[in-house]
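Here is the structure we will look at, set down as structure tokens.
If you're wondering where the values come from, they're calculated on a predicted model, not measured in any experiment.
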Amino acid sequence: MTLGLETLDYVIFLIYFVIVSSYGYWVYKNKGKQTADSKDFFLAEGSLTWWAIGASIIASNISAEQFIGMSGQAFQLGIAISVYELLGGVALIIVAVYFLPMYLNNKIYTMPQFLSKRYNERLATIMAVFWLFLYIFVNLTSIIYLGALSLEKMTGFSFMPCAIFLTTFAVIITLGGMKVIGYTDVIQVVCLIFGGLATTYLALDLLSAKVGTGAGIMEGLGLIREKADSHLHMIFTPGQYQVHDGRGGFIDAYNQLPGIMMFIIGGQWVNNLNYFGCNQYMTQRALGADLNTARSGVLFAAFLKMMMPFIVVLPGLAAYVLFQENADTSIVNGITQNGIVKPDNAYPVLLNLLPVGLKGLAFAALTAAIVASLAGKANSISTIYVLDIHQKFFNKNLTEKQTVWTGRVAIVIAFIIALIVSPLLANFGQAFEYIQVYTGYISPGILSIFLLGFFWKKATANGALAAAVLSIALSAVIENLYPAFPFLNRMGVVFWICSAVHVAISLAQSKGQNQENAFEVRPEWFRVTPSFRMGAIAVVVTFSLIYWIFW
């Protein structure tokens, strides 16, 4: 395996860089206002089309955590890891039908703003601070870490130069505001999809050449079915098989994806509905648009989500078979680090086996995914800080120009912090698991707060605060007392307990009366167009078919 890119690879990447940067500059100069407008900077002021909204949601969602982390878990667990993408598509449909009308009809633009309007300022401030820590120290940091790790293995440069490059590129895109992010994300998504599919094609072709007769990708798919049957099940049972944990040991696959219970108890639903429905950097693209445009964009994102297993899961499966069959020493040596099998190394090691030129395309696709996701998350960090913290506690009289300037400063500071912290993630065995586990500490409480706040008029601020605090405390207690208890099941259990406590405290406090700040709910808000209904059915049928085939 040859580390580093050839001249042609760098030329292809440079073309991608110039196109994205030039288009971003053109959007900044020609679409919308040239004055410093905070709504334009944070929300693109309704100028994003449905396809830009959908593409931008996926660009922010699909990043190094999918390309590297999820491919690593495909190597580790198999096709079952696709549940995050497949159920994510279904969750986006639910968000489009039920969540978006509540946000848009109540003029909600940030998640803390929802908490402030529906509950009170105290809860909004507490959660705004928490979200900032979560987005910076878990989301932003993990993307920089995984992205730099993959670029390190592809280019031969050390970790920190790669991390600095990705951060700088993302800062350039982010400082242009949501409009630049939204429209450049269209290019980023096209690049990551075609580059990702090319990588999948070549991974399967390589598998055919190394393990089979060289007949092509169909033989490669057949070899996965033949050589990795344990990796072709969507549902696990306890003790079914042990997988590499990334730390030199093994772990029960059921602990990572606890079979049908993650649906019955609700852990996967909690994870996806919180991520796509209560998450600033997911909903922000749609919050500046009208309802029909926003729904169409989210439906488009749902269709794109259903494609992601072909892009991020199949390469991990191909790498697993190549590794198990000892078919290529460069893959075996690249995945094994100091005698420890590192699943996160699977995708970047595989990329180094691509031919010259295509390696540059894959490099551009991976960079597109990383930079787009970093930009989206950083813009959301800036939005929450400026609108929900800085304007409330430091300067209530910011001019439009000062608001945008403060937002840009917040972006740069957030990136600097994440860049400094990112190398510390090397101490964790499997980065995608790290993201899910620690995000899962608060996800149950947040989803409970939002669902009851939307649809139950008796929900009180004290009940919501109790749910938020209990979510973190109870998650920590369960993890420490019962470390073998699957974290997805833990999320489901914690959600139901938090919801019960939220309801109990609210009933005791409200004495059965509706709250003055309860949201109006109209049945007509949840009606959808025939075309949306057909698209939603197609997504649900696709999800069901895949589960039926690989049960």
Side-chain angles (χ1 to χ4, degrees), residues 12 16 54-90 92 143 146-147 150-151 153-154 185-207 217-218 220-221 224 228 231-232 234 272 300-322 343-354 358-373 376 431-432 435 539 542-543 546 550:
I12 291 173
Y16 149 76
S56 190
I57 287 173
I58 293 302
S60 277
N61 172 228
I62 303 301
S63 184
E65 62 194 81
Q66 273 75 25
F67 273 98
I68 309 304
M70 189 170 285
S71 284
Q73 285 211 293
F75 176 97
Q76 180 191 43
L77 300 169
I79 197 171
I81 197 62
S82 301
V83 65
Y84 283 100
E85 302 305 305
L86 299 174
L87 195 65
V90 178
L92 281 165
I143 294 171
L146 286 171
S150 59
L151 263 60
K153 290 190 174 296
M154 282 193 72
D185 277 351
V186 176
I187 299 177
Q188 310 277 43
V189 164
V190 170
C191 190
L192 76 86
I193 287 177
F194 282 99
L197 288 175
T199 303
T200 298
Y201 176 91
L202 289 162
L204 294 172
D205 191 59
L206 176 67
L207 178 59
I217 64 167
M218 296 309 295
L221 288 170
I224 290 176
H231 276 49
L232 296 179
M234 295 296 292
N272 279 282
F300 180 45
F303 274 108
L304 293 176
K305 283 293 281 183
M306 308 311 277
M307 294 178 58
M308 289 304 117
F310 296 99
I311 295 174
V312 298
V313 173
L314 279 177
L317 290 172
Y320 173 77
V321 176
L322 288 165
D344 279 346
N345 289 352
Y347 195 84
V349 166
L350 201 59
L351 292 181
N352 274 301
L353 296 175
L354 297 180
L358 285 173
K359 189 186 290 188
L361 178 62
F363 181 41
L366 185 59
T367 304
I370 296 165
V371 169
S373 193
F432 188 75
I435 297 166
V539 169
T542 301
F543 170 83
I546 292 174
F550 293 103

What I'd like to find out is whether the side chain of [X] reaches to under 4.5 Å of the side chain of [Y], using heavy atoms alone.
{"X": "I58", "Y": "F300", "answer": "no"}
{"X": "L92", "Y": "K305", "answer": "yes"}
{"X": "L202", "Y": "I217", "answer": "no"}
{"X": "Q76", "Y": "Y320", "answer": "no"}
{"X": "I79", "Y": "H231", "answer": "no"}

How close do [X] and [Y] get, counting heavy atoms only, and between which atoms?
{"X": "A346", "Y": "A319", "value": "CB-CB, 4.0 Å"}
{"X": "A74", "Y": "G316", "value": "CB-CA, 4.0 Å"}
{"X": "M306", "Y": "F543", "value": "CE-N, 3.7 Å"}
{"X": "A228", "Y": "V321", "value": "CB-CG2, 3.8 Å"}

Measuring from [X]:[atom1] to [Y]:[atom2], what's the distance to the nearest 0.5 Å?
{"X": "L314", "Y": "I224", "atom1": "CG", "atom2": "CD1", "value": "5.5 Å"}
{"X": "L87", "Y": "S82", "atom1": "CG", "atom2": "OG", "value": "12.0 Å"}
{"X": "L197", "Y": "I311", "atom1": "CG", "atom2": "CD1", "value": "4.5 Å"}

The single option from N272, I546, V539 that satisfies side-chain contact (heavy atoms from CB on, under 4.5 Å) with L86 is I546
Checking V313, V312, L317 against I81 for side-chain contact (heavy atoms from CB on, under 4.5 Å), the one that qualifies is V313
task: Run the numbers on M307 and E85 for side chain to side chain contact (heavy atoms under 4.5 Å, CB included), then give the verdict.
output: CA-CA 8 Å; M307 294 178 58; E85 302 305 305; over 6 Å; no
- [ ] Give a yes or no on whether the backbone of P315 and the side-chain of T200 come within a donor-acceptor separation of less than 3.5 Å.
- [x] no
For this session: Would you indicate whether F303, at its atom CZ, is surrounded by more than 12 heavy atoms from other residues, nucleotides or ligands within a distance under 6.0 Å?
Result: yes
